[in-house]
Chemist: 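One structure, as C-alpha coordinates, below. Some questions next.
Whatever order the structure lists ligands and atoms in, that order sets their numbers, starting from 1.
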Amino acid sequence: MEKKKIILDCDPGHDDAVAIMLAAKSEKLDLLGITVVAGNQTLEKTQVNARNVCQCLGLDVPVYAGCGQPMVREKMVAADIHGETGLDGPVFEPLTKPLEEKHAVQFIIDTLMGSDGDITMVTTGPMTNLAMAMRMEPRIVEKIEQIVLMGGAYTNGNVTPAAEFNIIADADAAYVCFTSGRPITMVGLDVTRKALCYPAVVDRMEKVGNKASKLFVDLMRHFCKSQKEVFGWEGGPLHDPITIAYLLDPSVLTVKPMHAEIDIRSTQSYGRTNCDYFGYQKLEPTADVAVDIDVEKFWDIIEDGLRKY
Ligand code: RIB
Ligand code: CA
(Lines give C-alpha, C1' and ligand atoms only; values in the text may rest on other atoms or scores of the structure.)
(Ligands and ions follow the chains in the order given, each with its own letter.)
Protein backbone atom coordinates (compact mmCIF):
# COMPACT_ATOMS: atom_id res chain seq x y z
CA MET A 1 0.00 0.00 0.00
CA GLU A 2 1.33 3.46 -0.90
CA LYS A 3 2.51 5.47 2.07
CA LYS A 4 0.61 8.66 2.93
CA LYS A 5 2.93 11.65 2.54
CA ILE A 6 2.90 14.05 5.47
CA ILE A 7 4.69 17.13 6.74
CA LEU A 8 4.58 17.41 10.53
CA ASP A 9 4.59 21.02 11.75
CA CYS A 10 5.14 21.09 15.50
CA ASP A 11 6.41 22.85 18.61
CA PRO A 12 8.15 20.13 20.67
CA GLY A 13 6.82 19.90 23.36
CA HIS A 14 6.47 16.50 25.03
CA ASP A 15 3.39 15.41 23.14
CA ASP A 16 4.80 16.70 19.84
CA ALA A 17 7.81 14.47 20.48
CA VAL A 18 5.54 11.42 20.77
CA ALA A 19 3.83 12.46 17.52
CA ILE A 20 7.26 12.46 15.83
CA MET A 21 8.03 9.04 17.30
CA LEU A 22 4.71 7.63 16.07
CA ALA A 23 4.95 9.09 12.55
CA ALA A 24 8.60 8.50 11.73
CA LYS A 25 8.69 4.69 11.78
CA SER A 26 5.18 3.96 10.51
CA GLU A 27 4.98 1.80 7.40
CA LYS A 28 1.83 3.73 6.47
CA LEU A 29 3.34 7.22 6.53
CA ASP A 30 6.11 8.97 4.60
CA LEU A 31 7.29 11.75 6.90
CA LEU A 32 8.77 14.18 4.36
CA GLY A 33 10.02 16.65 6.92
CA ILE A 34 9.51 18.13 10.35
CA THR A 35 8.88 21.88 10.37
CA VAL A 36 9.15 23.63 13.71
CA VAL A 37 7.40 26.68 15.09
CA ALA A 38 7.52 28.69 18.31
CA GLY A 39 4.84 27.55 20.70
CA ASN A 40 5.47 25.46 23.79
CA GLN A 41 8.81 27.20 23.90
CA THR A 42 10.77 29.66 21.75
CA LEU A 43 11.76 28.55 18.26
CA GLU A 44 15.40 28.35 19.34
CA LYS A 45 14.35 25.66 21.82
CA THR A 46 11.65 23.83 19.86
CA GLN A 47 13.93 23.29 16.86
CA VAL A 48 16.67 21.87 19.11
CA ASN A 49 14.09 19.60 20.74
CA ALA A 50 12.91 18.25 17.39
CA ARG A 51 16.51 17.54 16.36
CA ASN A 52 17.27 15.87 19.70
CA VAL A 53 14.29 13.52 19.35
CA CYS A 54 15.34 12.57 15.81
CA GLN A 55 18.97 12.08 16.84
CA CYS A 56 18.07 10.06 19.93
CA LEU A 57 15.94 7.67 17.86
CA GLY A 58 18.22 7.61 14.81
CA LEU A 59 15.60 9.23 12.59
CA ASP A 60 16.88 10.49 9.24
CA VAL A 61 14.15 13.12 8.87
CA PRO A 62 15.08 16.71 7.96
CA VAL A 63 14.17 19.37 10.53
CA TYR A 64 13.41 22.93 9.39
CA ALA A 65 13.04 25.96 11.65
CA GLY A 66 10.11 28.22 10.83
CA CYS A 67 8.45 31.20 12.42
CA GLY A 68 9.58 32.40 15.82
CA GLN A 69 6.69 34.83 16.23
CA PRO A 70 2.94 34.67 15.67
CA MET A 71 1.65 36.58 12.62
CA VAL A 72 0.21 39.48 14.61
CA ARG A 73 0.03 38.92 18.39
CA GLU A 74 2.77 38.67 21.00
CA LYS A 75 4.42 35.27 21.47
CA MET A 76 3.29 33.02 24.35
CA VAL A 77 4.99 29.83 25.59
CA ALA A 78 3.92 26.95 27.85
CA ALA A 79 6.94 26.55 30.11
CA ASP A 80 4.69 25.55 33.01
CA ILE A 81 3.91 22.30 31.19
CA HIS A 82 6.97 21.65 29.03
CA GLY A 83 9.67 23.27 31.14
CA GLU A 84 12.43 25.77 30.41
CA THR A 85 13.86 23.66 27.57
CA GLY A 86 10.43 22.84 26.20
CA LEU A 87 11.33 19.17 26.59
CA ASP A 88 12.33 18.86 30.26
CA GLY A 89 12.93 15.33 31.51
CA PRO A 90 15.01 13.35 29.00
CA VAL A 91 18.80 13.80 28.94
CA PHE A 92 20.12 13.81 25.37
CA GLU A 93 23.60 13.21 23.94
CA PRO A 94 25.42 16.28 22.54
CA LEU A 95 23.42 17.40 19.51
CA THR A 96 25.06 16.74 16.15
CA LYS A 97 22.00 16.45 13.87
CA PRO A 98 22.04 19.61 11.75
CA LEU A 99 19.17 22.02 11.27
CA GLU A 100 18.28 22.40 7.60
CA GLU A 101 19.33 25.69 6.03
CA LYS A 102 16.00 26.27 4.30
CA HIS A 103 13.29 28.10 6.24
CA ALA A 104 10.37 25.86 7.17
CA VAL A 105 7.88 28.06 5.34
CA GLN A 106 9.95 27.77 2.16
CA PHE A 107 10.21 23.99 2.64
CA ILE A 108 6.42 23.73 2.93
CA ILE A 109 5.96 25.85 -0.21
CA ASP A 110 8.61 24.02 -2.26
CA THR A 111 7.39 20.57 -1.21
CA LEU A 112 3.72 21.27 -1.86
CA MET A 113 4.39 23.02 -5.19
CA GLY A 114 6.49 20.07 -6.32
CA SER A 115 3.82 17.55 -5.33
CA ASP A 116 0.80 15.99 -7.01
CA GLY A 117 -1.47 17.40 -4.31
CA ASP A 118 -1.05 14.25 -2.21
CA ILE A 119 0.52 15.70 0.94
CA THR A 120 -1.23 15.91 4.32
CA MET A 121 -0.24 18.83 6.53
CA VAL A 122 -0.27 17.80 10.18
CA THR A 123 0.04 20.67 12.64
CA THR A 124 0.46 20.14 16.36
CA GLY A 125 1.53 23.64 17.32
CA PRO A 126 0.47 27.17 16.45
CA MET A 127 -0.38 27.27 12.71
CA THR A 128 1.97 30.14 11.87
CA ASN A 129 4.21 28.26 9.41
CA LEU A 130 1.32 26.89 7.36
CA ALA A 131 -0.55 30.19 7.31
CA MET A 132 2.57 32.12 6.28
CA ALA A 133 3.19 29.59 3.50
CA MET A 134 -0.38 30.09 2.25
CA ARG A 135 0.08 33.86 2.22
CA MET A 136 3.54 33.73 0.59
CA GLU A 137 2.45 31.30 -2.14
CA PRO A 138 -1.37 31.02 -2.45
CA ARG A 139 -0.98 28.34 -5.13
CA ILE A 140 -0.05 25.81 -2.43
CA VAL A 141 -3.55 25.87 -0.97
CA GLU A 142 -5.02 23.63 -3.68
CA LYS A 143 -1.98 21.38 -3.35
CA ILE A 144 -2.76 20.50 0.29
CA GLU A 145 -4.60 17.18 0.34
CA GLN A 146 -5.89 17.80 3.88
CA ILE A 147 -4.99 19.51 7.13
CA VAL A 148 -5.08 17.43 10.31
CA LEU A 149 -4.48 19.60 13.36
CA MET A 150 -4.33 19.25 17.08
CA GLY A 151 -6.00 22.39 18.32
CA GLY A 152 -9.16 24.07 19.46
CA ALA A 153 -12.16 22.73 21.33
CA TYR A 154 -15.92 22.94 20.91
CA THR A 155 -16.10 22.83 24.71
CA ASN A 156 -13.66 24.63 27.00
CA GLY A 157 -10.17 25.86 26.25
CA ASN A 158 -6.98 25.36 28.26
CA VAL A 159 -5.54 28.88 28.15
CA THR A 160 -8.80 30.78 28.58
CA PRO A 161 -12.27 29.31 29.08
CA ALA A 162 -12.76 29.86 25.35
CA ALA A 163 -9.42 29.07 23.74
CA GLU A 164 -6.93 26.21 23.37
CA PHE A 165 -3.19 26.93 23.27
CA ASN A 166 -2.33 26.10 19.61
CA ILE A 167 -5.13 28.32 18.37
CA ILE A 168 -4.86 31.29 20.74
CA ALA A 169 -1.05 31.32 20.39
CA ASP A 170 -1.64 32.44 16.79
CA ALA A 171 -5.37 32.79 16.18
CA ASP A 172 -4.76 34.82 13.02
CA ALA A 173 -2.79 31.93 11.55
CA ALA A 174 -5.53 29.49 12.52
CA TYR A 175 -8.06 31.82 10.86
CA VAL A 176 -6.06 31.78 7.62
CA CYS A 177 -5.92 27.98 7.66
CA PHE A 178 -9.57 27.44 8.63
CA THR A 179 -10.73 29.77 5.83
CA SER A 180 -8.44 28.16 3.22
CA GLY A 181 -11.16 25.86 1.95
CA ARG A 182 -9.03 22.73 2.34
CA PRO A 183 -10.37 19.62 4.11
CA ILE A 184 -9.67 20.00 7.82
CA THR A 185 -9.81 17.46 10.63
CA MET A 186 -9.71 19.20 13.98
CA VAL A 187 -8.51 17.11 16.92
CA GLY A 188 -9.43 19.30 19.87
CA LEU A 189 -9.28 19.13 23.62
CA ASP A 190 -12.75 17.52 23.57
CA VAL A 191 -11.09 14.20 22.70
CA THR A 192 -7.47 14.74 23.73
CA ARG A 193 -8.52 15.22 27.35
CA LYS A 194 -9.79 11.63 27.25
CA ALA A 195 -6.32 10.26 26.33
CA LEU A 196 -4.79 10.69 29.78
CA CYS A 197 -1.34 9.18 30.15
CA TYR A 198 -1.75 7.67 33.61
CA PRO A 199 1.20 6.06 35.42
CA ALA A 200 -0.20 2.64 34.39
CA VAL A 201 0.14 3.67 30.73
CA VAL A 202 3.73 4.79 31.34
CA ASP A 203 4.47 1.44 33.02
CA ARG A 204 2.89 -0.39 30.04
CA MET A 205 5.06 1.46 27.54
CA GLU A 206 8.17 1.02 29.69
CA LYS A 207 7.79 -2.75 29.20
CA VAL A 208 8.40 -2.32 25.46
CA GLY A 209 12.03 -1.98 26.57
CA ASN A 210 13.68 -0.16 23.69
CA LYS A 211 15.11 3.34 23.08
CA ALA A 212 11.74 4.71 21.99
CA SER A 213 9.95 3.43 25.08
CA LYS A 214 12.69 4.84 27.30
CA LEU A 215 12.29 8.25 25.66
CA PHE A 216 8.51 7.97 26.00
CA VAL A 217 8.85 7.20 29.71
CA ASP A 218 11.36 10.01 30.34
CA LEU A 219 9.08 12.44 28.51
CA MET A 220 5.86 11.33 30.19
CA ARG A 221 7.25 11.25 33.72
CA HIS A 222 7.90 15.02 33.37
CA PHE A 223 4.76 15.76 31.35
CA CYS A 224 2.47 14.02 33.87
CA LYS A 225 4.19 15.68 36.82
CA SER A 226 3.67 19.14 35.37
CA GLN A 227 0.06 18.38 34.39
CA LYS A 228 -0.61 17.35 38.00
CA GLU A 229 1.02 20.53 39.30
CA VAL A 230 -0.90 22.77 36.89
CA PHE A 231 -4.25 20.98 36.54
CA GLY A 232 -4.21 18.49 39.39
CA TRP A 233 -4.58 15.58 36.97
CA GLU A 234 -3.12 12.13 37.67
CA GLY A 235 -2.36 11.67 33.96
CA GLY A 236 -1.47 14.20 31.28
CA PRO A 237 -3.60 14.43 28.10
CA LEU A 238 -1.42 13.18 25.25
CA HIS A 239 -2.77 15.65 22.69
CA ASP A 240 -0.57 15.66 19.59
CA PRO A 241 0.00 11.99 18.67
CA ILE A 242 -3.76 11.55 18.28
CA THR A 243 -3.42 13.34 14.92
CA ILE A 244 -0.97 10.68 13.75
CA ALA A 245 -3.00 7.85 15.28
CA TYR A 246 -5.98 9.10 13.25
CA LEU A 247 -3.96 8.93 10.04
CA LEU A 248 -2.83 5.40 10.93
CA ASP A 249 -6.33 4.23 11.86
CA PRO A 250 -9.21 6.69 11.33
CA SER A 251 -11.50 4.46 13.41
CA VAL A 252 -9.66 5.69 16.53
CA LEU A 253 -11.73 8.88 16.32
CA THR A 254 -15.37 9.74 15.81
CA VAL A 255 -15.62 12.97 13.81
CA LYS A 256 -18.58 15.20 13.05
CA PRO A 257 -18.71 17.76 10.21
CA MET A 258 -19.27 21.21 11.68
CA HIS A 259 -19.06 24.83 10.63
CA ALA A 260 -15.99 25.94 12.61
CA GLU A 261 -14.74 29.51 12.73
CA ILE A 262 -11.81 31.06 14.58
CA ASP A 263 -12.74 34.05 16.73
CA ILE A 264 -10.16 36.79 16.08
CA ARG A 265 -12.51 39.68 16.82
CA SER A 266 -13.69 39.40 20.39
CA THR A 267 -11.67 39.89 23.55
CA GLN A 268 -13.10 37.39 26.04
CA SER A 269 -13.44 34.63 23.43
CA TYR A 270 -10.43 35.53 21.30
CA GLY A 271 -8.88 32.37 19.84
CA ARG A 272 -11.98 30.22 20.27
CA THR A 273 -12.81 27.59 17.66
CA ASN A 274 -16.51 28.33 17.36
CA CYS A 275 -17.88 24.94 16.26
CA ASP A 276 -21.57 24.79 15.34
CA TYR A 277 -22.10 21.32 16.87
CA PHE A 278 -25.90 21.36 16.35
CA GLY A 279 -25.88 23.15 12.97
CA TYR A 280 -27.92 26.08 14.30
CA GLN A 281 -26.50 28.45 11.67
CA LYS A 282 -27.26 26.12 8.73
CA LEU A 283 -23.82 26.95 7.32
CA GLU A 284 -21.62 24.62 5.30
CA PRO A 285 -19.31 22.52 7.49
CA THR A 286 -15.70 23.72 7.38
CA ALA A 287 -14.10 20.94 9.42
CA ASP A 288 -14.48 17.37 10.59
CA VAL A 289 -14.31 17.88 14.34
CA ALA A 290 -13.32 14.97 16.59
CA VAL A 291 -16.09 14.27 19.11
CA ASP A 292 -14.91 10.97 20.60
CA ILE A 293 -11.86 8.71 20.82
CA ASP A 294 -11.37 4.98 21.30
CA VAL A 295 -8.82 5.38 24.09
CA GLU A 296 -7.87 1.70 24.28
CA LYS A 297 -7.23 1.63 20.53
CA PHE A 298 -5.15 4.80 20.87
CA TRP A 299 -2.85 3.28 23.49
CA ASP A 300 -2.53 0.15 21.35
CA ILE A 301 -1.43 2.35 18.43
CA ILE A 302 1.10 4.10 20.68
CA GLU A 303 2.52 0.80 21.93
CA ASP A 304 2.65 -0.57 18.38
CA GLY A 305 4.46 2.59 17.29
CA LEU A 306 7.08 2.28 20.02
CA ARG A 307 7.68 -1.37 19.12
CA LYS A 308 8.80 -0.35 15.62
CA TYR A 309 12.13 1.00 17.02
O1 RIB B 1 -3.21 22.63 23.93
C2 RIB B 1 -2.35 21.54 23.72
C3 RIB B 1 -1.42 21.82 22.58
O4 RIB B 1 -0.60 22.94 22.88
C5 RIB B 1 -0.44 20.67 22.31
O6 RIB B 1 -0.12 20.64 20.96
C7 RIB B 1 0.76 21.06 23.11
O8 RIB B 1 1.96 20.48 22.59
C9 RIB B 1 0.77 22.55 22.90
O10 RIB B 1 1.37 22.80 21.63
CA1 CA C 1 2.23 20.83 20.31
Chemist: For each nitrogen or oxygen atom of ligand 1, which protein N/O atoms lie closer than 3.5 Å, and how far apart are they, rounded to 0.1 Å?
Modeler:
| residue | atom | partner | partner atom | Å |
| --- | --- | --- | --- | --- |
| ligand 1 | 1 (O) | Asn158 | ND2 | 2.9 |
| ligand 1 | 1 (O) | Glu164 | OE2 | 2.5 |
| ligand 1 | 4 (O) | Asn166 | OD1 | 3.2 |
| ligand 1 | 6 (O) | Thr124 | O | 2.9 |
| ligand 1 | 6 (O) | Asn166 | ND2 | 2.9 |
| ligand 1 | 6 (O) | Asp240 | OD1 | 2.5 |
| ligand 1 | 6 (O) | Asp240 | OD2 | 3.1 |
| ligand 1 | 8 (O) | Asp15 | OD1 | 2.7 |
| ligand 1 | 8 (O) | Asp15 | OD2 | 3.1 |
| ligand 1 | 8 (O) | Asp16 | OD1 | 3.0 |
| ligand 1 | 8 (O) | Asn40 | ND2 | 3.0 |
| ligand 1 | 8 (O) | Asp240 | OD2 | 3.1 |
| ligand 1 | 10 (O) | Asp11 | OD1 | 3.2 |
| ligand 1 | 10 (O) | Asp11 | OD2 | 3.0 |
| ligand 1 | 10 (O) | Asn40 | OD1 | 3.4 |
| ligand 1 | 10 (O) | Asn40 | ND2 | 3.4 |
| ligand 1 | 10 (O) | Asn166 | OD1 | 2.8 |

Chemist: Give the intermediate values and the outcome of salt bridge (Lys or Arg N to Asp or Glu O under 4.0 Å) for residues Lys194 and Asp292.
Modeler: CA-CA 8 Å; Lys194 294 180 180 178; Asp292 203 2; 2.8 Å; yes
Chemist: Pairing donors with acceptors under 3.5 angstrom, does anything connect the side chains of Thr35 and Asp9?
Modeler: yes
Chemist: Can you tell me how the ring of Phe223 sits relative to the ring of His82, calling it parallel under 30°, perpendicular over 60° and tilted otherwise?
Modeler: tilted
Chemist: For the residue pair Phe278 and Tyr280, categorise the inter-ring angle as parallel (less than 30°), tilted (30 to 60°) or perpendicular (more than 60°).
Modeler: tilted
Chemist: Is a side-chain donor-acceptor pair under 3.5 Å present for Glu164 with Thr273?
Modeler: no
Chemist: Just by distance, with hydrogens left out, do Thr85 and Asp88 show a side-chain donor and acceptor under 3.5 Å apart?
Modeler: yes
Chemist: Between Thr155 and Asp190, is there a side-chain donor-acceptor contact under 3.5 Å, judged purely by atom types and distance?
Modeler: yes
Chemist: Spell out the protein N/O/S atoms under 3.0 Å from the Ca ion (ligand 2) as residue plus atom name.
Modeler: Asp11 OD1, Asp16 OD1, Asp16 OD2, Thr124 O, Asp240 OD2
Chemist: Taking the six-membered ring of Tyr270 as reference, does the NZ or CZ atom of Arg73 fall below 6.0 Å from its centre and within a 45° cone about the axis?
Modeler: yes
Chemist: Under a 4.0 Å N-O cut-off, is there an ion pair linking Asp203 with Arg221?
Modeler: yes
